[in-house]
Amino acid sequence: MSVAESLVEGAPLAELSRRARWHVINTVASSKAGHIGGPLSAMDLLVALYFRRLRIDPAAPDDPDRDRFILSKGHSAIGLYSVLALRGYFPETELATFDHGDSRLQGHPDMLITPGVDSSTGSLGQGLSSGAGMALAAKRLGKDFHTWVMVGDGEIEEGMVWETVISAPRFGLDNLTLIVDLNGLQQYGWPAAPGDRFDRSEPMGHVDLQKVFTGFGWNVLTIDGHDFDAILTAYADADARRGATGVPTVIIAKTTKGEGVSFTRGTYKWHNGVATPEQLEIARRDLATAEGER
Amino acid sequence: MKAQRVVWGETLAQLAATDDRIVVLDGDLATSTRSDIVAEARPEAFIEVGIAEQNLVGMAFGMSTLGYRPWLSTFGVFLTNRALDQLRMLVSQTKAPVRIAAAYSGLLNGSSGKTHQDIEDLAIMRAMPNMIVIAPADEFELAAAVRWASGHDGPVYMRVARDAVAPVFDEGREFRLGAPTVVREGADITLISTGVQTSRVLDAAQLLAADGIDARVIHLATLKPLDEDALWDLIGGEPHVVTVEEHTRIGGLGGLVAELVSERGAVRLTRIGLDDRWSESAPNDFLLDRYGLSAEKVAQRVDACLRAPIG
């Protein structure tokens, strides 16, 4: 039995990811608004975290000793909502209310109204700082939980991220882990080559993130963000360092934007978008027949 | 006579001695804001975050989710401008019990000049949902407001002046959220002020009295929430009201009173404050005189108002 099958019996991660990805594209299509590429690139990381690593109880979403997770790239909210629904925080049917008036599932996560959401986000670059505050408070209060934060690679263009990257090691926050969803594309960004009007390049393609984070004093793990064994190993490594090292961990997870659906995969053009009925049929087939299920 | 910033540090040090939820997060300005008083008296209640105001707000928010009641320590101008998005997203939106101490508020900041003058803060913070906006008159009211804010379960924005002013109140001053306070009775004209400017407006009223003009002075320590009925009861029948603030005339105290009187009835209103322009670095007396906020300049303006048919 692989690591991926060990904790939640009867729920293979690949199957959960496919189901959550379907919720993303289907929900955005029915609500006629929302993001696709980012939620899909992050999905394997989110599913692995929520189903194998976080010490949480959907029946007690405010448990003071629960692990925290902050989706700093808040525009991927529908990705988080899909996982929260599968994990049991609210019914999967509630996803149909996404972006509707009076819905608990707002366009960006709202900690005051959505069960399981530990921090409101939406303006990029803020989540790591919020997570550092939670991790520092946990240290001071002698609490043993772990705070996890996910950012996108486009998001780390925001200066505030680096204010926290510099200071987190000073506070000894080994109970803080940053996951970089390095999907290699942002909403529009830069041309792949000068003058190229049809292809876009990686926002952090010119930066050696491993060296950067190492230079700032972080523990750096670099993985394939769609390989569940690699993800779970990295999560276990990060968690094991809690309380032992005084150094925060960053997991640089190489992912593919729009992963899992043939026509959204690897293109900036599905950063957001509403699938047609025909496209939804393609997505349904793509997500029903994925290979490599664990 | 103590400066508000000193009393802020002293009061927080006292409060932190009995309430370990109270922490001060500093943006490397402790010797200016006087959070160094907390750092020396209660080191465990003091957290240096460094020169990173956005991270300052983010970390304070994060700590507040675990029950802390953090105060922010840096120049107000960096909070209401540089870290405005963080205040809006992480404090206002989430109703976090983060206390925003806006040090060196207003025009007078030790000759640091226009880059450090926070003269738009009341307009900005007043527009933010869930935000309580307080500008105490003197050291005693500030101490009372700090004690009140420390017990409040939500966001608070508070002006903290750098330099001491002649006290308006005495040591027994209590803070009552939203309540207007008549600090001087007078029959000829009503002046409304906020923050430490109220002290200078009281001096202006003395000058006016020597000229035979009997001015009433109302102090608003809270701009939001405001007991509008109570304020209207005080000014509703008045022929002429003058607001005076160490703030741009746009959207602050003058804006607030203009909104009230335009909805409730006809009251002639004159707004004294900073013109819509950049100021400069100079000693306090020079700035107050140049920009019309000294006791003498306020008295002259009020005197002129009473003589002029409109304006």
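Labels below follow one simple rule: chain letters A, B, ... track the order of the sequence lines, proteins then strands, and each chain is numbered from 1.
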Practice item. Using non-hydrogen atoms and a 4.5 Å limit, figure out which bit of Ile47(B) sits close to chain A: side chain, backbone, both or neither. Key: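 It is the side chain, since no backbone atom gets that close.
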Can you name the closest pair of heavy atoms from [X] and [Y] and give their distance?
X: Met63(B); Y: Arg140(A); result: CE-CD, 3.7 Å
X: Gly58(B); Y: Ser129(A); result: CA-OG, 3.2 Å
X: Met134(A); Y: Thr65(B); result: CG-OG1, 3.6 Å

Check your understanding: Among Thr94(B), Val49(B), Asp85(B), Asn55(B), who wins on heavy-atom pairs under 4.5 Å with chain A?
Key -> Asn55(B)
Point to revise | Phe145(A)/Leu66(B) under side chain to side chain contact (heavy atoms under 4.5 Å, CB included): CA gap, chis, key distance, verdict | key: CA-CA 12 Å; Phe145(A) 67 78; Leu66(B) 273 95; 3.6 Å; yes
Exercise for review: Could you tell me which of Met111(A), Lys143(A), Glu163(A), Arg68(A) has the largest number of non-hydrogen atom pairs under 4.5 Å with chain B?
Suggested key: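 Winner by heavy-atom pair count: Glu163(A).
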Check your understanding: What residue, out of Ala132(A), Ala137(A), Ser167(A), Gly125(A), has the most heavy-atom pairs lying under 4.5 Å from chain B?
Key ->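 That would be Ala137(A).
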Can you tell me how far apart [atom1] ([X]) and [atom2] ([Y]) are? Round to the nearest 0.5 Å.
X: Ser120(A); Y: Gln93(B); atom1: OG; atom2: CD; result: 4.5 Å
X: Ser119(A); Y: Leu90(B); atom1: OG; atom2: CG; result: 6.0 Å
X: Thr164(A); Y: Met59(B); atom1: OG1; atom2: CE; result: 7.5 Å
X: Glu158(A); Y: Gln54(B); atom1: CD; atom2: CD; result: 8.0 Å

Can you tell me if [atom1] on [X] sees more than 12 non-hydrogen neighbours from other groups inside 6.0 Å?
X: Arg82(B); atom1: CZ; value: no
X: Arg241(A); atom1: CZ; value: yes
X: Lys95(B); atom1: NZ; value: no
X: Arg55(A); atom1: CZ; value: yes
X: Asp276(B); atom1: CG; value: no

Check your understanding: Does Gln126(A) reach the side chain of Val57(B), with side-chain heavy atoms less than 4.5 Å apart?
Key ->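 No, too far: nothing below the 4.5 Å cut-off.
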Review point. Where on Leu141(A) is there a heavy atom nearer than 4.5 Å to chain B: the side chain, the backbone, both, or neither?
Key: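 Both backbone and side chain of Leu141(A) come within 4.5 Å of chain B.
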Point to revise | Which atoms of Thr147(A) approach chain B - backbone, side chain, both or neither, heavy atom under 4.5 Å | key: neither
